[in-house]
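These numbers were taken from a predicted model, which means no experiment stands behind them. Nothing fancy with the numbering, it's 1 onward along the sequence. Note that ligands are numbered from 1 as they come in the structure, with each ligand's atoms numbered from 1 the same way.
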Amino acid sequence: MSSSEFVDGLFGLEGHVGIVTGASRGLGKSIASRLVNAGAKVYNLDVILPDEKVENVVDIQVDLTDRLKTKEVIDQISSTEGQLDFLVNNAGITYKSRAEDFPIDRYRKIQDINLETVFELSRMCFPYLKKSEYIGRIISISSMAAHMGFTQVVPYCITKAGVTGLTRGLAEEWKHDNIRVNSVAPGWVLTKLNAELFDKDPSRKEAAASKITLGEFGTPDDIGNMVLFLLGNASSYLTGQDFAVDGGALTHGF
Ligand code: NAD
């Protein structure tokens with residue numbers, strides 16, 4: 001066996017078909033691009049269309065909080081492709097306000113997209129993933145905020161801690177259904193999501209940088225690389241785990 005065949009056998013995704021949510025920009029875009037480069041066919045389900053198309057990614061405009069429409073789209077993808085091998089729950093939102101002032105409708109919207117949607121999409125994909133000729137995979141994007149306290153984004157922290165609970169629960173629930181369930185916890189990666197928070201409060205950006213062991217912000221591709229690893233054969237013994245990709249931020253001492 002050549003070394004490239006060996007590497008392909010561990011990390012290649014030729015023949016795999018799956019969904020990445022929120023892949024029109026930011027981390028999702030990079031995740032989708034990594035997966036197509038490894039041979040997968042990727043459907044991007046996002047409420048906005050990308051400014052510039054990633055080659056071989058099929059973009060479908062859908063608001064994931066519209067459950068009926070989302071289910072229709074997932075059923076259609078699975079019937080067109082005759083298979084569905086992975087779901088990457090990446091779409092997420094945040095909003096900055098002190099807890100005592102947090103508008104409750106904003107709180108509910110964050111809960112809906114960051115947590116309930118992850119549960120609902122996982123359930124919608126379940127019947128297809130369990131029939132995957134590979135191992136069916138669910139990867140959800142959690143956050144450092146699942147593990148550490150952050151001011152002014154408490155509802156976001158709640159949802160991301162929820163994603164790790166959901167990941168462990170589903171990993172157990174579906175362990176005999178040919179499905180592995182894991183999550184990835186990015187550290188600080190500069191995207192539109194946190195650019196808005198940092199723009200409003202530059203001292204927050206400085207404080208964040210000072211908490212990263214490696215001393216610099218991550219890139220979307222750092223997250224894409226971890227998702228790629230978690231979808232390939234090399235990770236077949238991993239389930240129920242949350243993997244930090246954060247330049248050492250979670251374990252930062254001094
Ligand atoms: P982003 O705002 O750049 O991208 C999020 C994408 O989700 C957008 O394309 C948006 O249109 C889509 N989306 C939002 N609501 C949707 C809905 N109702 N239906 C369909 N699509 C919807 O954000 P990002 O930084 O790329 O974040 C991606 C994920 O990574 C999120 O879950 C976020 O919480 C998580 N995360 C990001 C960071 C970071 O530093 N950027 C750190 C930790 C976790």
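- For Asp221 and Thr219, the side-chain atoms include no donor-acceptor pair closer than 3.5 Å.
- For atom 33 (C) of ligand 1, the nearest non-hydrogen atom of the protein is Tyr156 OH, 3.5 Å.
- The backbone N or O of Gly240 sits less than 3.5 Å from a side-chain atom of Asn182, completing a donor-acceptor pair.
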Decide yes or no on side chain to side chain donor-acceptor pair (under 3.5 Å) for Ser210 and Glu206, but give the supporting numbers first.
-> CA-CA 6 Å; Ser210 75; Glu206 243 172 71; over 6 Å; no
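- With respect to atom 14 (C) of ligand 1, the closest heavy atom belonging to the protein is Ile93 CG2, 3.8 Å.
- Side-chain atoms of Asn225 and Arg34, non-hydrogen and from C-beta on, do get closer than 4.5 Å to each other.
- The distance criterion of under 3.5 Å between nitrogen or oxygen atoms is not met by Gly26 with respect to ligand 1.
- With a heavy-atom cut-off of 4.0 Å, Ser142 touches ligand 1 through its backbone alone.
- Taking distance alone, with nitrogen or oxygen atoms compared against 3.5 Å, Lys160 approaches ligand 1 more closely than that limit.
- The one candidate from Val47, Thr70, Val118 that meets the side-chain contact (heavy atoms from CB on, under 4.5 Å) condition with Leu64 is Thr70.
- For Lys175, the side chain to side chain contact (heavy atoms under 4.5 Å, CB included) partners are Glu172, not counting sequence neighbours.
- In this structure, atom 10 (C) of ligand 1 lies nearest to the protein heavy atom Asp46 OD1, 3.5 Å.
- Considering both main-chain and side-chain atoms, Ser143 never comes within under 3.5 Å of ligand 1 through any nitrogen or oxygen pair.
- At a heavy-atom distance under 4.0 Å, only backbone atoms of Val62 (N, CA, C or O) approach ligand 1.
- Within the 6.0 Å centre-distance limit, the rings of Phe102 and Tyr95 are counted as a close aromatic pair.
- When hydrogens are left out, the protein atom nearest atom 24 (P) of ligand 1 is Thr191 OG1, 3.6 Å; that is the closest non-hydrogen contact.
- Polar contact with ligand 1: absent for Thr65 (N/O pair, distance under 3.5 Å).
- Taking every heavy atom of Pro186 and a limit of under 4.0 angstrom, the matching atoms of ligand 1 come to 42 (C), 43 (C), 44 (C).
- Ligand 1 has no N or O atom lying under 3.5 Å from any N or O atom of Met144, backbone or side chain.
- Note: Thr251 OG1 to Asp246 CG = 6.5 Å, rounded to the nearest 0.5 Å.
- By the criterion of a heavy-atom distance under 4.0 Å, both the backbone and the side chain of Leu27 are placed next to ligand 1.
- If you check each of Asp63, Asp246, Thr21 against atom 17 (C) of ligand 1, the one with the closest non-hydrogen atom is Asp63.
- Scanning the protein heavy atoms around atom 20 (C) of ligand 1, the nearest turns out to be Val47 N, 3.2 Å.
- Contacts with ligand 1 closer than 4.0 Å are made by heavy atoms of both the backbone and the side chain of Leu193.
- At under 3.5 Å, not a single nitrogen or oxygen of Ser24, backbone or side chain, sits near a nitrogen or oxygen of ligand 1.
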Start with the C-alpha distance between Ser235 and Arg180, add both sets of side-chain angles, then the distance that settles side chain to side chain donor-acceptor pair (under 3.5 Å), and finish with yes or no.
-> CA-CA 9 Å; Ser235 65; Arg180 309 280 191 276; over 6 Å; no
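- No chain of hydrophobic side-chain contacts below 4.5 Å, direct or via other Ile, Leu, Val, Met, Phe, Trp or Tyr residues, connects Leu230 to Phe126.
- The N/O atoms of Leu64, backbone and side chain alike, include one that comes under 3.5 Å of an N/O atom in ligand 1.
- Inspection of the Ser24 and Asn44 side chains reveals an N or O donor paired with an N or O acceptor under 3.5 Å.
- In this structure, atom 1 (P) of ligand 1 lies nearest to the protein heavy atom Arg25 NE, 3.4 Å.
- Nearest protein heavy-atom contact of atom 38 (C) of ligand 1 is Gly187 O, 4.0 Å.
- In terms of protein heavy-atom proximity, atom 29 (C) of ligand 1 is closest to Asn90 O, 3.0 Å.
- Closest approach of Gly92 and Ile113 over heavy atoms only: CA-CG2, 4.2 Å.
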